[in-house]
Amino acid sequence: MQFMLLFSRQGKLRLQKWYVPLSDKERKKISRDLVQTILARKPKMCSFLEWRDLKIVYKRYASLYFCCAVEDQDNELITLEIIHRYVELLDKYFGSVCELDIIFNFEKAYFILDEFLLGGEAQETSKKNVLKAIEQADLLQEVHSVLLQFSAL
Amino acid sequence: MALKIVKGSIDRMFDKNLQDLVRGIRNHKEDEAKYISTCIDEIKQELKQDNIAVKANAVCKLTYLQMLGYDVSWAAFNIVEVMSSSKFTYKRIGYLAASQCFHENTDVIMLTTNQIRKDLSSPNQYDTGVALTGLSCFVTPDLARDLANDIMTLMSHTKPYIRKKAVLIMYKVFLKYPESLRPAFPRLKEKLEDPDPGVQSAAVNVICELARRNPKNYLSLAPLFFKLMTSSTNNWVLIKIIKLFGALTPLEPRLGKKLIEPLTNLIHSTSAMSLLYECVNTVIAGQYSCSVGSVCLRISVVKYLGLLAMSKILKTHPKSVQSHKDLILQCLDDKDESIRLRALDLLYGMVSKKNLMEIVKKLMIHVDKAEGTTYRDELLTKIIDICSQSNYQYITNFEWYISILVELTRLEGTRHGHLIASQMLDVAIRVKAIRAFAVAQMATLLDNAHLLTGNMQRNGICEVLYAAAWICGEFSEHLENPVQTLEAMLRPKVATLPGHIQAVYVQNAAKLFATILKNQEGNTDSTAAQETSQLMIDRLPLFVQSANLEVQERASCILQLVKYIQKLQQKDVEVAEEVSALFAGELNPVAPKAQKKVPVPEGLDLDAWINEPPSESESEDEQPKAIFTKEEPKHSRPRHTEVDEKELARRREARKQEQANNPFYIKASPSSQKVYQETPGVEHIPVVQIDLSVPLKVPGLPMSDQYVKLEEERRQKERAEKKKKEKKKRKEKRSGRGKKHDSGPESEEDITPAHVVDIVTEEMPENALPSDDDDKDPNDPHKVCDIQGNLQDGSQVVVSVIFENKSDSFLKSMEFNVLDSLNSKLQRPEGSGPHDGLTVPFQLPPGVSNEARFVFTVQSIVMPQKLKGTLTFIVKDSSTHEKLDFKLHFTCTSYLITTPCYSDAFAKLLESGDLKSSSVRLEGVNMPFHHLLARICFHHHFSVVERIDSCASMYSRSIQGHHVCLLVKTSGQTVSIDAKCDEPTLLGNVLDEIKQTFSQC
């Protein structure tokens, strides 16, 4: 996978993850282009499209579009599953996730994504394992902040 | 210390955290930019504080802003600070920010190496995990080199959580630092059998990705993967493995057979669409067995893919697909149009003599049901395609086919009237036995023509009437009631049909008339025949008034004929015999290539002149020719030796051979250069135009069809009072591109006297010129080589300039001068100064053109050059000195030489890795791909290495030996060119020029 974008129906970027090194300018151009292309598509249209030399796989969940760019030989359907799996993970973590959860806790959304995908490849296919890793890392963070508060007092 | 922390956290309470920032942005929808700029100011303040918590908060906010598109690269160092915090909370935020904001050119990345190494070896697995995750996003070749060993150690970490991350990140490391692959590979292979499924799948992932790039090296792992494939239940892993096998089977065909069983099992058993799809995909690519395709077809979701697979299988195993006819016919009922179209494609290959009627019947039912003209039209063409394929091979009953065609004419709004018509004609002409039936059907069509004339647009169904009228006329002897048909053909309504159809109507009415006369004259009663003539005379004037010339001409011709016949009839003369003689003789179908089969009669020499060729010298002025031929030897040093001659002849032969083998080579017409353009109406305008064609010749190379493109430049003449004198003498040019004449002022009143210097590209490879008129051929390679004989390679180019005098005055003492640039210099004879002009070695009488060559020294060829120059000359009658400015444009293309390259050499060149790449996209190129390639070959001196479908690789070499490789792909109107060259600047310029070539068309 080359990159993943989350954006709203209004075209606002909500999350972006790049697995290929690109300059900010290129990233901006790509995301602008893609957001426009995808928003212009009708709901009944196919979830896959060919764009430049990449295949774009996208799916809309409520008001959010999840969009992945994969290489030519990659399997579109498994990419769709990756998107779905990620949505499931968000859902489990936040408890019926909504767009606002991702906006206000965008760093958490990233952490979950990082536990699930690494360098553009699925690293953990078990939902349970991903969530366990996140919970433990969060716990570690909590302990830190509790300690911090103690020392502050 | 404690106080400081307290102070810090109190400060923090007043700071915005991320949530506040997001909320703030949402509340300031109108002045978002302003709000954010104040936020960034706050963040800058926060970053200055010592408190790491405040910094981390600031960095977290920055990460958010970065996503919104704001530049945060200025905070890179602060991000590194937060990354190196010992607290996991902050470290996590720091790495996240780094993974989002850093890219390969971020210079602070260098500072992170040690920090990352420390984190990698941290006892806390989450520290390590966070570092690995971050690294996967911003790993650079340097980081990869420095950290490869550390990551390799982590691959054997006790915790699977770390192991799987380490394995995955190794892929990124391999990409950035390929040397690490060899030492790491054994360990990677070990991980394929790791007890933890996560690690195992990570290893599979990495190896599959690697194998996709270079499958050969991974063949040895096939047994291991085969084991995994049969044992694993993880769909993600299975997909990767199947993909890997897809890449391996072409290298090891035996694998294919082994895979059939597990693949078929998977297809039958899996419920995951993605896995099924992958299996089918692999099957399609490998063409393993036909049984798999039919299996796919049953699974509704992948119907489309199944059909796709079937169509591939059809090519190799047509029989096995035919057995699924019913299934495929069922697909025609599918809701999805794309599935229906696929199924139609399949049907085409499936028909046989036995099932054709059945299939077509089924299709006809669909035609009736179909909604939407596009699909219906598609069905129609498919029916005709299916029936007419391989010369109507599968049709056993042509009566049936004619009735099908007649049925198809009932389709409303089709755009394939012409197709149906041509089928009708074809069948009626070629199948003699069917004619009676066809004529009867066509007569009915003509009778009911009003049903078909609803759609008058071109190619509409009314085209069918064209065929009907022709068939009825030509084979009128089969008509049962010819008078009625004749009447039908002469109805006033016919005049509303398109012109070409009316024309056929008129012509065939005459044929019909002839037949009727013949029938009726046998009878005793001659009134019937006279009535028919009267009918013709009554109705034909309608067509005589037609706006269509063809109709008019035919109608008036035939009208006069009928009138004459009527006169004879009134005198009781028998005319039928003679009238029908007008249309005697059978029209036979002739194959388009039939002419070739006719042998040339003995003694006929097609190349011999029928008349004596016109003497060429007459048309041209005697004087310049004399000058030209006298002067010429001075400049072409007579240094030929016998060996040179032979060598050249050999080279020319080889070149011709190569061109003959190169389908993309267009031969330029040599005559185009010889034609003088007449431009009436501009005689009164003082226009001076020179067409300078400038072929570049490169010494020492067999291919010298190099041309400099010269750009046209127009210049205003200095003073208006000169105008009157200049009216008399004009230099005009022959224009390579016609349009250039427009640049001159058009009327005498126009006071701007313009001397237009028009330097036009004249792309004409000299080797396309006929070699037999070489004494006049200025481009003759002998002379070129002569001039070039002692020049050095790679830095000198010869520019040949054609001067044409289009004025009425004699021009003499021409001097050619160019303002040298640092890079390109005109070579002047020894002893002359750097600014001296060169004398053009001839004079120009009015209307004559001649060519002179100039040698330029070029240092660097990577950039296009524009040289300004002046041509001074004396007008003989008025003895005035005149001056013309022009520009010489040396494009980068002109430094390229068409050099053939074989695909293996080409591949080696690309693999060598010392070529820089660049690419360009052309939008809206509306021409067939081979034209496009021919254009690139022709204009930019490339040769095609290999062409596969809509993709071609091309090669060329510069005179200084730079390799230029192109990969041209097209889809729709978009053409993408990926190019590689060892000189990026040259490449960029060549691409620009290619782009320009296509923007002009």
Side-chain angles (χ1 to χ4, degrees), chain A residues 12-19 21-24 26-28 31-32 50 52-53 71 73-82 85 100 103-107 110-111 113-115 117-126 129 132-133 136-137 140-145 147-149 151-153, chain B residues 2 5-6 8-9 18-19 22-23 26 53 60 63-64 66-69 71 73 87-89 92-93 96 99-100 103-105 124 126 129-130 132-133 136-138 140 161 164-165 168-169 171-172 197-198 201-202 205-206 209 212 234-237 239 243 272-275 277-278 281 976:
Chain A
K12 280 251 165 61
L13 212 54
R14 293 300 179 213
L15 195 130
Q16 51 166 353
K17 192 82 195 175
W18 300 83
Y19 297 110
L22 289 172
S23 72
D24 279 349
E26 285 168 295
R27 288 180 182 181
K28 261 187 226 167
S31 36
R32 206 174 39 234
E50 281 175 13
R52 300 193 186 170
D53 52 344
E71 272 144 79
Q73 320 96 319
D74 280 324
N75 187 324
E76 301 95 330
L77 289 172
I78 202 76
T79 316
L80 213 52
E81 298 229 350
I82 288 179
R85 181 60 57 94
L100 286 181
I103 300 173
F104 283 107
N105 300 290
F106 94 117
E107 85 278 19
Y110 276 121
F111 295 148
L113 185 62
D114 286 342
E115 285 302 326
L117 299 175
L118 194 133
E121 298 292 329
Q123 67 162 308
E124 182 55 73
T125 53
S126 147
N129 284 353
K132 206 171 87 190
Q136 283 181 350
L140 206 63
Q141 187 170 354
E142 292 299 313
V143 171
H144 273 302
S145 41
L147 278 178
L148 190 84
Q149 273 162 18
S151 60
L153 295 169
Chain B
I5 293 172
V6 172
S9 74
L18 176 65
Q19 273 79 7
V22 175
R23 217 165 278 135
R26 292 169 73 83
C60 188
T63 317
Y64 189 79
Q66 191 265 347
M67 184 175 73
L68 296 184
D71 178 37
S73 52
K87 303 273 193 303
F88 176 69
T89 319
R92 203 182 189 189
I93 287 169
L96 175 64
S99 68
Q100 294 300 109
H103 42 84
E104 281 196 325
N105 300 327
N124 181 341
Y126 292 103
V130 131
L132 285 172
T133 312
S136 74
C137 289
F138 58 79
T140 63
Y161 178 78
K164 75 180 178 210
K165 277 183 194 278
L168 273 180
I169 203 173
Y171 178 59
K172 292 271 160 184
S201 91
N205 261 343
V206 172
E209 287 303 313
R212 242 195 311 188
N234 184 335
N235 286 344
W236 310 70
V237 172
I239 286 177
K243 214 173 255 298
M273 243 201 291
S274 46
L275 182 56
Y277 172 54
E278 198 56 59
N281 244 344
S976 70

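Sequence lines set the chain letters: A, B, ... in the order given, protein chains first and strands last, and positions in each chain run from 1.
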Name the member of I78(A), D24(A), L117(A) that forms the most heavy-atom pairs with chain B at distances under 4.5 Å. I78(A)
Below 4.5 Å from any heavy atom of chain B, which atoms of D53(A) appear? Answer side chain, backbone, both or neither. neither
Need one label for L100(A): side chain, backbone, both or neither, based on atoms under 4.5 Å from any heavy atom in chain B. side chain
Which atoms form the tightest heavy-atom contact between Y126(B) and A137(A), and what is the distance? CD2-CB, 4.0 Å
Identify the heavy atoms of L118(A) and S136(B) that sit nearest to each other, and give their distance. CD2-CB, 3.9 Å
Can you list the steps and then say if T63(B) with E107(A) is a side-chain contact (heavy atoms from CB on, under 4.5 Å)? CA-CA 9 Å; T63(B) 317; E107(A) 85 278 19; over 6 Å; no
Which atom pair, heavy atoms only, marks the closest approach of G120(A) to Y19(A)? N-CD2, 3.1 Å
With a 4.5 angstrom heavy-atom cut-off, which part of I82(A) approaches chain B: side chain, backbone, both or neither? both
Winner by heavy-atom pair count (cut-off under 4.5 Å) against chain B, out of L22(A), L13(A), T79(A), T125(A): T125(A)
Should K165(B) and E115(A) count as an ion pair when the cut-off is N to O under 4.0 Å? yes
Answer with side chain, backbone, both or neither: which region of R27(A) has an atom nearer than 4.5 Å to a non-hydrogen atom of chain B? side chain
In terms of heavy-atom pairs under 4.5 Å, which option from G69(B), G198(B), S976(B), G129(B) contacts chain A the most? G69(B)
SB check D114(A) R92(B) (cutoff 4.0 Å): no
